[in-house]
Amino acid sequence: MTFRISDDFLAETNRKFEGVLAEDYDALSRQLARRKIDIEAITRAVMAFGVAIPTWGVGTGGTRFARFPGPGEPRNIFDKLDDCATIQQLVRATPTISPHFPWDAVSDFAELREAAQHRGLGFDAVNSNTFQDQAGQPRSYKFGSLSHVDRAVRAQAITHNIECIEIGRRLGSKALTVWVADGSNFAGQSNLTLALDRYLDSMREIYEALPADWRVFLEHKCFEPAFYSTVISDWGTSFAAALELGPKAQCLVDLGHHAPNVNIEQIVARLVRFGKLAGFHFNDSKYGDDDLDTGSVEPFRLFLVFNELVDAQNRQVAGFAPAYMLDQSHNVTDPIESLMQSAIELQRAYAQALIVDRPALAAAQGVNDALGAHLELKRAFTADVSPILAMARYRAKSAIAPIETYRASGYRTRIAAERPAVTGTSAGIV
Ligand code: LRH
Ligand code: MN
């Protein structure tokens, strides 16, 4: 029987923090009441917030140089479900997982769905993979997949994506995320227009295979692994492709997939405006697609993204239903701790965006009071909403202090004893 943190241990650990939480929550409640903000409304909204865990982020991640596995590495999707269930138990903000195929392939998908449900987990978007060659794969994706010059390679990639839709249907998912690494490393290597045309032709076949209530998420990325051109390199190309494909196609924003200093919150506002925001792969970055923990480098940028999302929510934008997913690589931390903290940083950005005084902001914007408007956002961003986040967890019978509780539980040590150690270093993100 796999070790699980007992609810008694959780309750016992919470007792150490209950008093301080009540005090801090009260103080914040009074502070917000002075700003005519009902703390209970914010806490309810935070309790309803959910983000999907990427199955590929539950094990230790790596780079092209090396990957240094830690103790208790998950061996398969079922170990990953156990770790995701522990994350959900301690933060109650991660009710779904986003699987990746064929990394998470099993022989019995009904059994997988059952195993997830048994642990209180559901499935968000499924991810296809035509950026690696699998053992025994007839044709290589070395020179691309959905945009490959060879029709047979494109057909292989299309078939894989349609298989992912079928798997997702059996798991109860409602969306397919398509990120392709297709591009080139030399000027002249690829016809930039024909490559996009081939991609669109392939995507049309995948689009046709979507069940009526499904969506397909196009994920853009400015570079890597291609270092001269990338077929779906920016939100503009992704948007135009989604528009051409049809209403079920939308654009997924991976925060790490933009050139340095790009105004991502404005991209979000644009995609909302045109009804094409699929959702997010949340992470953080300083240089490239670093896949660092959400909110660990640019928390203000994350807040500004949620400021646009709350603005859209308040305007009741038709069809506004972004999918929230994490997409990170945990190279030097315990992935469970990083994923818990990242979910909390998303809740923090959301709660801060909810306490923005929007009438005051609009009034300042209306009279070009640049600093006044900016300070309305800063006032919300600098508010310490931690008591709200902790109270949301506490009321959801989760951990007031997830990291402390997780460490005190000895979960990692217990799990490491159950799972054979992975020795030696390998390279790559998983
Ligand atoms: C590409 C990406 C994509 C996933 C992969 C693991 O960089 O963000 O979303 O398929 O990471
Ligand atoms: Mn991603």
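Just the heavy atoms: all of them, side chains too, but no hydrogens, waters or symmetry mates, feed the values below. Quick caveat, the model's predicted, so the values are computed rather than measured. Along the sequence shown, residues carry numbers from 1. Just follow the structure's listing: the first ligand is 1, and inside any ligand the first atom is 1.
Between Asn127 and ligand 1, a contact under 3.5 Å exists for no N or O pair. Polar contact with ligand 1: present for Lys221 (N/O pair, distance under 3.5 Å). By the 3.5 Å distance cut-off applied to N or O atoms, Trp56 is not counted among the residues near ligand 1.
Checked against the 6.0 Å centroid threshold, Phe17 and Tyr394 do not count as a close aromatic pair.
By the criterion of a heavy-atom distance under 4.0 Å, neither the backbone nor the side chain of Thr177 is placed next to ligand 1. Here His281 has side-chain heavy atoms under 4.0 Å from ligand 1, and that is the only part of it that gets that close.
Near Asp254, meaning under 4.0 Å from any of its heavy atoms, are these atoms of ligand 1: 8 (O). Each of the following atoms of ligand 1 lies closer than 4.0 Å to a heavy atom of Asp289: 7 (O).
The stretch residues 240-266 participates, sequence neighbours left out, in these salt bridge (Lys or Arg N to Asp or Glu O under 4.0 Å) pairs: Arg204-Glu244. Residue pairs satisfying the ring pair (Phe, Tyr, Trp, His ring centres under 6.0 Å) criterion with at least one member in residues 185-219, sequence neighbours excluded, are absent.
Using cut-offs of 30° and 60° on the angle between ring planes, the pair Phe239 and Phe274 is tilted.
When each of Thr294, Asn283, Asp290 is checked for a side chain to side chain donor-acceptor pair (under 3.5 Å) with Gln328, only Thr294 meets the rule.
With sequence neighbours excluded, the residues that form a side chain to side chain contact (heavy atoms under 4.5 Å, CB included) with Pro54 are Trp56, Leu326, Leu339.
Side-chain polar atoms of Glu73 and Thr60 form a donor-acceptor pair below 3.5 angstrom. For the residue pair Asn127/His100, the side-chain donor-acceptor check at 3.5 Å is not satisfied.
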Item to check | Test log, rule salt bridge (charged side-chain N to carboxylate O under 4.0 Å, His left out), inputs Arg154 and Asp150 | outcome: CA-CA 7 Å; Arg154 299 199 301 274; Asp150 179 344; over 6 Å; no
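A 4.5 Å side-chain heavy-atom check between Thr130 and His160 finds at least one atom pair inside the cut-off.
Within the 4.0 Å heavy-atom cutoff, His257 counts among the residues contacting ligand 1.
Protein N/O/S atoms closer than 2.8 Å to the Mn ion (ligand 2), listed by chain and residue number, are Glu219 OE2, Asp254 OD2, His281 ND1, Asp327 OD2.
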